[in-house]
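This is a predicted model, so every value here is computed, not measured. Just so it is clear: chains get the letters A, B, ... in the order the sequence lines come, proteins before strands, and each one is counted from 1. Side-chain atoms are counted along with the backbone in the values below, which use heavy atoms only and exclude waters and symmetry mates.
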Amino acid sequence: MSTSSQPQFRYTQTPSKVLHLRNLPWECTEEELIELCKPFGKIVNTKCNVGANRNQAFVEFADLNQAISMVSYYASSSEPAQVRGKTVYIQYSNRHEIVNNKSPGDVPGNVLLVTIEGVEAGDVSIDVIHLVFSAFGFVHKIATFEKAAGFQALIQFTDAETASSARNALDGRSIPRYLLPEHVGSCHLRISYSAHTDLNIKFQSHRSRDYTNPYLPVNPTAIEGVMQPTIGPDGKKKEPESNVLLASIENMQYAVTVDVIHTVFSAFGTVQKIAIFEKNGGTQALVQYPDVTTAAVAKEALEGHCIYDGGYCKLHLSYSRHTDLNVKAYSDKSRDYTVQDPSLLPAQQILGLPAPPAVWQNHQAATMYPGSEYAAPAQVPSWNPSAQAGTPTYMSVAGTFPGQSYPPSSIPAYATAPTPAGSSPLSQPPMVMTQPGVQPGRPAGASPPGHPPYYVR
DNA sequence: AGCACA
């Protein structure tokens, strides 16, 4: 039944070509790890600075006997294995290979993602950050933002070597106390690499700087310490309108792909770009239209609606602060329909061209203002999902899943269904929409779709 | 000083 009767740590371990090293100094670099181990054989993979204290590592030898020779050597040696004067304890790992050694944040680049732990955004000024990181080379640009992980900054150096030296020196360290307000306690820096290569700083402000362009305009709304939301006539917070919508997908029981988003949002006009990403444990998507008007219509029409009947994949929309997304043209999480004829895409996929790796690992990859999206409204229209449960509306639209009592897990019916006889594709609703008192169909006020649904191309 | 979650 269970293997939990096995002791967590065994004193006699099965040899493995993967060794587990502990009590390493947290500064230990991969190079030092390799220096320690390579006398015993060929190292094919490493994983350095793991564990909560970043003081453990894994080393994988090409051959089991090489790992055995290292363990045997230090088992009988009077000189313990050491790194930077610290004794390193070596055991066989309980795994037999190192998998996926490089996480995205470990792939070196010229832009660092810095998380400043235990501080509020106002505690550490951008000038302090600039000062600290300038010790390692010219800092081109800085963008700061707040998100769930805390106060973060993207810091752009000239090259990966400079960025790497800053990371190696500062990761796990603290900003000097004299640079911080009195009330700030510890202030540890966690540093990884961003996928960015060039930050797009729009304004000099309290949260972003471009040191390569002193003539960049100062954002008048960002001079003060806190961005003031504009207040609408009803006294509620009002987001500035934008041609880019931020969609938060609630109750995402079923896969929401780029194609699904594209189909849904294309009902209101040309969708230029899409990016899907995870944030705060939920799924969000940025959808770019050519103009604000189209976005406004889509926002009004789709807010609170569900992609699937039964309360699944409910959409909440707000305006993004983006005006032009910078996305990979084709990935499983993003699409840029402006760079190439979208009709070529399926052909390319069939031909088996490798999909580019997803870069949208997090919101940083999505935007220069990663923390600046307005949070989706917490309150949602009250609605009883059970009201229409068991009668998925998509069946009445497509009729291709007779007897199926649950939505498809990947491809929505409307994406693959043939157009029902006797009806124009343009008159069909783009998707299943359920909301009290609202019939599925083209939302009131929406312009006729600018182009046919993509399944009829 | 005791096993990685990207």
Spacing of A:D106 atom CG relative to B:dC5 atom P, expressed in whole Å
10 Å
Salt bridge or not between A:K202 and A:D210? Use side-chain N to carboxylate O under 4.0 Å.
no
Qualifying residues under salt bridge (charged side-chain N to carboxylate O under 4.0 Å, His left out), relative to A:K299, sequence neighbours excluded:
none
Please give, in whole Å, the distance from B:dA6 C1' to A:Y193 OH?
16 Å
Check side chain to side chain contact (heavy atoms under 4.5 Å, CB included) between A:A62 and all other residues, then give those that pass, not counting sequence neighbours.
A:K42, A:V44, A:Q66
Run the salt bridge (charged side-chain N to carboxylate O under 4.0 Å, His left out) test against A:K38 and tell me which residues pass, sequence neighbours left out.
A:E35
Can you tell me how far P of B:dA6 sits from CG of A:L113, to the nearest Å?
14 Å
Across all chains, not counting sequence neighbours, the side chain to side chain contact (heavy atoms under 4.5 Å, CB included) partners of A:R84 are A:P25, A:E27, A:T29, A:E32
Output all residues satisfying side chain to side chain contact (heavy atoms under 4.5 Å, CB included) with A:D127, sequence neighbours left out; order by chain, then residue number.
A:S125, A:R209
Applying salt bridge (charged side-chain N to carboxylate O under 4.0 Å, His left out) as the test, list every pair that has at least one member in residues 112-124 of chain A; sequence neighbours left out.
none
Whole-Å distance between B:dA1 P and A:Q82 CD?
14 Å
B:dA4 P sits how many Å from A:K47 NZ, rounded?
10 Å
Please list, chain by chain and in numerical order, all residues satisfying salt bridge (charged side-chain N to carboxylate O under 4.0 Å, His left out) with A:D171, sequence neighbours excluded.
A:R54, A:R190
Please list, by residue number, the residues of residues 18-28 of chain A whose heavy atoms come closer than 4.0 Å to an atom of DNA chain B; answer none if no residue qualifies.
A:H20, A:R22, A:N23
Contact list please: residues 49-65 of chain A against DNA chain B, heavy atoms, distance less than 4.0 Å, in numerical order.
A:Q56, A:F58
